[in-house]
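Please read the structure below before turning to the comments.
Each ligand, and each atom within it, is numbered from 1 in the order the structure gives.
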Amino acid sequence: MKDIIQLKDRRFKVMITAEEIDRAVQTVAEQINRDYADCETPIFLGVLNGSFMFLSDLIKKIEFENEISFVKLASYEGTASTGNVKNIIGLNGSVEGRHIIIVEDIVDTGKSMAHMVEELKEHNPASVEICTLFFKPNSYQGSANIKYHAMDIGNEFIVGYGLDYDQVGRSLKDIYVVTE
Ligand code: IMP
Ligand code: MG
């Protein structure tokens with residue numbers, strides 16, 4: 001592992017190692033295993049691109065029968081005033097009556113998740129919960145309960161383990177934080 005890396009115009013330094021991430025993923029998987037033990041075939045709904053690595057590690061630790069699906073959030077085009085509103089792309093198959101666990105890389109202001117939960121609820125699922133690898137509690141402005149958050153961080157900008165800086169850095173197995 002390199003301690004300092006350069007991505008485009010920024011320098012980043014190691015903040016959280018792959019081993020620490022794995023321990024946090026294990027803890028959150030155990031919570032989910034307890035909570036969903038009696039639910040019929042929940043659906044893990046990964047939000048692309050950022051969640052791919054987290055979901056792939058999380059799902060290996062899940063002990064109940066499940067389905068896996070992926071969606072993308074696309075900025076709503078048409079009105080400038082709704083710049084933060086993102087629509088769900090790729091929701092195929094019915095989620096009606098199903099237990100949904102949204103899997104996200106990071107919840108920051110919470111705007112993306114707030115809209116996603118709202119849109120999903122129009123499809124009448126049995127339940128919707130959010131499972132995020134990283135949570136920025138000081139930045140969060142949402143009202144939705146973030147039931148599963150593997151690690152809480154400050155307002156710093158991080159990359160790696162699926163998270164990108166201008167599309168690069170997603171493949172790093174450790175988490176790096178931007179330096180001055
Ligand atoms: P929110 O709608 O403000 O909660 O933003 C969530 C989205 O912003 C995440 O899914 C990421 O794509 C992106 N994001 C927020 N913070 C970071 C960060 O520190 N590193 C990389 N992406 C981030
Ligand atoms: Mg994301």
Side-chain angles (χ1 to χ4, degrees), residues 1-18 20-21 24-25 28 43-59 68-91 100-122 128-180:
M1 176 208 318
K2 279 192 196 155
D3 286 345
I4 304 274
I5 56 165
Q6 178 89 28
L7 295 174
K8 298 195 171 174
D9 59 337
R10 293 288 173 90
R11 283 159 81 79
F12 292 82
K13 65 171 194 280
V14 172
M15 180 173 138
I16 305 166
T17 65
E20 290 170 315
I21 298 168
V25 174
V28 89
I43 303 176
F44 286 86
L45 193 60
V47 183
L48 291 174
N49 295 327
S51 74
F52 78 98
M53 211 178 276
F54 175 39
L55 179 47
S56 111
D57 284 344
L58 176 72
I59 210 70
I68 303 166
S69 195
F70 288 96
V71 291
K72 265 199 171 234
L73 297 182
S75 294
Y76 182 83
E77 283 168 34
T79 84
S81 61
T82 55
N84 278 320
V85 172
K86 294 184 176 175
N87 285 39
I88 305 175
I89 307 283
L91 194 63
I100 310 294
I101 303 158
I102 299 172
V103 181
E104 178 62 303
D105 52 357
I106 185 163
V107 174
D108 184 356
T109 64
K111 283 182 184 146
S112 315
M113 280 303 97
H115 185 73
M116 183 164 174
V117 168
E118 202 179 298
E119 197 180 325
L120 267 180
K121 283 188 172 163
E122 289 168 16
V128 179
E129 296 293 355
I130 295 164
C131 174
T132 185
L133 177 59
F134 294 104
F135 181 44
K136 294 181 173 175
N138 300 332
S139 176
Y140 189 62
Q141 298 163 25
S143 54
N145 177 34
I146 309 297
K147 187 160 185 185
Y148 306 105
H149 38 115
M151 280 180 277
D152 289 3
I153 61 169
N155 286 348
E156 58 268 46
F157 186 84
I158 58 172
V159 292
Y161 199 80
L163 292 103
D164 71 301
Y165 168 54
D166 197 15
Q167 298 307 326
V168 297
R170 291 192 201 276
S171 62
L172 296 162
K173 66 184 172 60
D174 306 287
I175 289 290
Y176 287 77
V177 61
V178 71
T179 61
E180 294 319 309

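Across Ile106, Asp108, Ile146, heavy-atom proximity to atom 13 (C) of ligand 1 is greatest for Ile106. Summarising the contacts of atom 4 (O) of ligand 1 with Gly169, Gly110, Ser51, the nearest heavy atom is found in Gly110.
Between Phe54 and Cys131 there is a side-chain heavy-atom pair separated by less than 4.5 Å. In this structure, the side chains of Ile16 and Phe134 come closer than 4.5 Å at one or more pairs of heavy atoms. Proximity of Leu133 to Asp105: side-chain heavy atoms (C-beta onward) are nowhere separated by under 4.5 Å.
Ligand 1 has no atom lying under 4.0 Å from any heavy atom of Ile153. Look at Gly50 and you'll find every heavy atom at least 4.0 Å from all atoms of ligand 1. Not a single heavy atom of Lys86 sits closer than 4.0 Å to an atom of ligand 1. For Val159, the heavy-atom gap to ligand 1 stays at 4.0 angstrom or more. Look at Met113 and you'll find every heavy atom at least 4.0 Å from all atoms of ligand 1.
Atom-to-atom distance recorded for Gln141:CD and Lys136:NZ is 12.5 Å, nearest 0.5 angstrom.
Close approach of ligand 1 to Glu104 (heavy-atom distance below 4.0 Å) involves ligand atoms 10 (O). Set against the non-hydrogen atoms of Asp164, the atoms of ligand 1 under 4.0 Å away are 21 (C). Near Ser112, the atoms of ligand 1 lying under 4.0 angstrom from a non-hydrogen atom of the residue are 1 (P), 2 (O), 5 (O), 6 (C). For ligand 1, the atoms lying closer than 4.0 Å to a non-hydrogen atom of Lys136 are 16 (N), 17 (C), 18 (C), 19 (O).
The closest donor-acceptor contact from the side chain of Glu119 to the backbone of Ile88 lies under 3.5 Å.
Considering backbone and side-chain atoms alike, Ile158 places an N or O below 3.5 Å from some N or O of ligand 1. Residue Val107 has no N or O atom closer than 3.5 Å to an N or O atom of ligand 1.
Between Tyr165 and Tyr176, the distance separating the two ring centers is not shorter than 6.0 angstrom.
At a 4.0 Å heavy-atom cut-off, ligand 1 touches Glu156 through the backbone alone. With a heavy-atom cut-off of 4.0 Å, Thr109 touches ligand 1 through backbone and side chain alike. At a heavy-atom cutoff of 4.0 Å, ligand 1 is contacted by the side chain of Asp105 but not by its backbone.
Environment of CZ in Arg10: sparse, with no more than 12 heavy atoms of neighbouring residues, nucleotides or ligands closer than 6.0 Å.
A side chain to side chain contact (heavy atoms under 4.5 Å, CB included) with Phe70 holds for exactly one of Asn49, Leu45, Leu55; it is Leu55.
Legend: residues meeting side chain to side chain donor-acceptor pair (under 3.5 Å) with Asp108, ordered by chain and number and at least two apart, are Ser139.
In this structure, Ile106 and Ile153 approach most closely via the heavy-atom pair CD1-CD1, 4.1 Å.
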